[in-house]
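Written out below as structure tokens is the structure these notes cover.
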Amino acid sequence: AQSVTQPDIHITVSEGASLELRCNYSYGATPYLFWYVQSPGQGLQLLLKYFSGDTLVQGIKGFEAEFKRSQSSFNLRKPSVHWSDAAEYFCASLGGTGTASKLTFGTGTRLQVTL
Amino acid sequence: KAGVTQTPRYLIKTRGQQVTLSCSPISGHRSVSWYQQTPGQGLQFLFEYFSETQRNKGNFPGRFSGRQFSNSRSEMNVSTLELGDSALYLCASRAGFPYEQYFGPGTRLTVT
């Protein structure tokens, strides 16, 4: 069974500092990977996705992620964090085929931004 | 294009009652999935519907059921509510596989 691991439960960074959130996946076939962000009491917003091709993918809000097959990782990065980036971030992989597919989520990383 | 909508946004029920949650997908999306989010268990997959048929099911008891209508709108039902069913229930839609899923704002269910 596939699994997604986010090793960091909580991260605090200063506004303007760089950010890297870690994600490791376990899946035998080519993974489809996603990063979502959730503000308190809200649904999930898609930041970016990786299906194939270029291993560095760009997303919304200045985020990017790099897929590294050798390390089974899909880490999320941002060069300069803004106070509005404070939220919970979820890494997810899509498993299954066709219409019988589902997202498996990591446990999330809560990002706190200090001014 | 309008996003995924869920109604109601908040719900308070008593243990033993049943509840129905509704989800309207993005126009043109035929797949609807449901997820439960709790602080202890995180985000867990409930089921997925495509063209009115349940295509995949997570590891939840039979008290959790759903259906999808011909217009792709979906409903989720939980019977005989338990305190542990208190959660944020999220609906997501997608155009197909392996396209990304877009989530609604969720329904916050509180069981007392």
Side-chain angles (χ1 to χ4, degrees), chain A residues 1-10 23 25 27 29-53 57-60 63 65 67 74 87-110, chain B residues 3-7 9-10 21 23-26 29-60 68 72 87-110:
Chain A
Q2 61 176 322
S3 65
V4 176
T5 302
Q6 294 180 247
D8 305 306
I9 296 174
H10 184 243
C23 172
Y25 67 90
Y27 192 58
T30 300
Y32 300 109
L33 299 167
F34 308 84
W35 275 98
Y36 286 88
V37 61
Q38 185 179 37
S39 298
Q42 301 299 313
L44 301 173
Q45 182 182 24
L46 178 68
L47 286 175
L48 47 79
K49 63 188 179 190
Y50 172 77
F51 287 169
S52 64
V57 294
Q58 303 296 321
I60 62 172
F63 285 94
F67 171 68
F74 187 56
E88 188 148 24
Y89 292 79
F90 293 93
C91 181
S93 70
L94 182 67
T97 57
T99 54
S101 58
K102 68 173 186 177
L103 284 173
T104 297
F105 287 91
T107 51
T109 298
R110 182 166 299 279
Chain B
V4 178
T5 59
Q6 292 186 246
T7 57
R9 291 292 311 278
Y10 302 93
L21 312 181
C23 171
S24 292
I26 293 172
H29 287 192
R30 297 168 62 190
S31 169
V32 174
S33 296
W34 289 89
Y35 295 82
Q36 181 197 64
Q37 185 178 26
T38 60
Q41 299 299 316
L43 281 153
Q44 294 185 288
F45 172 77
L46 281 156
F47 28 65
E48 178 181 25
Y49 286 86
F50 184 88
S51 294
E52 302 179 62
T53 301
Q54 187 181 93
R55 301 298 181 126
N56 202 359
K57 191 177 191 306
N59 191 24
F60 279 81
Q68 186 180 33
S72 294
L88 181 66
Y89 289 88
L90 294 164
C91 166
S93 75
R94 59 186 172 97
F97 180 87
Y99 298 114
E100 57 274 20
Q101 293 188 18
Y102 292 92
F103 284 80
T107 294
R108 171 72 63 185
L109 172 65
T110 302

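The figures here come from the full heavy-atom set of this structure, side chains too, leaving out hydrogens, waters and symmetry mates. Letters A, B, ... are given to chains in the order of the sequence lines, protein chains preceding strands, and every chain is numbered from 1.
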So, the part of Tyr49(B) with a heavy atom under 4.5 Å from chain A: the answer is neither

Ranking Gln6(B), Gln37(B), Arg108(B) by heavy-atom pairs under 4.5 Å to chain A gives rank one to Gln37(B)

Applying a strict 4.5 Å limit to non-hydrogen atoms, the region of Arg30(B) in contact with chain A is neither

Whatever's closer than 4.5 Å to a heavy atom in chain A on Gln44(B) counts as neither

Checklist entry - Are Glu48(B) and Arg94(B) close enough for a salt bridge, meaning some N to O gap below 4.0 Å? => result yes

Whatever's closer than 4.5 Å to a heavy atom in chain B on Leu103(A) counts as both

Rounded to the nearest 0.5 angstrom, the CZ-CD distance for Phe45(B) and Gln36(B) is 13.0 Å

Only one of Tyr50(A), Phe90(A), Phe74(A) passes side-chain contact (heavy atoms from CB on, under 4.5 Å) with Trp35(A), and that residue is Phe74(A)

Quiz item: Less than 6.0 Å separating the ring centroids of Phe51(A) and Phe34(A)?
Solution: yes

message = When you compare the side chains of Tyr36(A) and Gln38(A), does any donor N or O come within less than 3.5 Å of an acceptor on the partner?
response = no

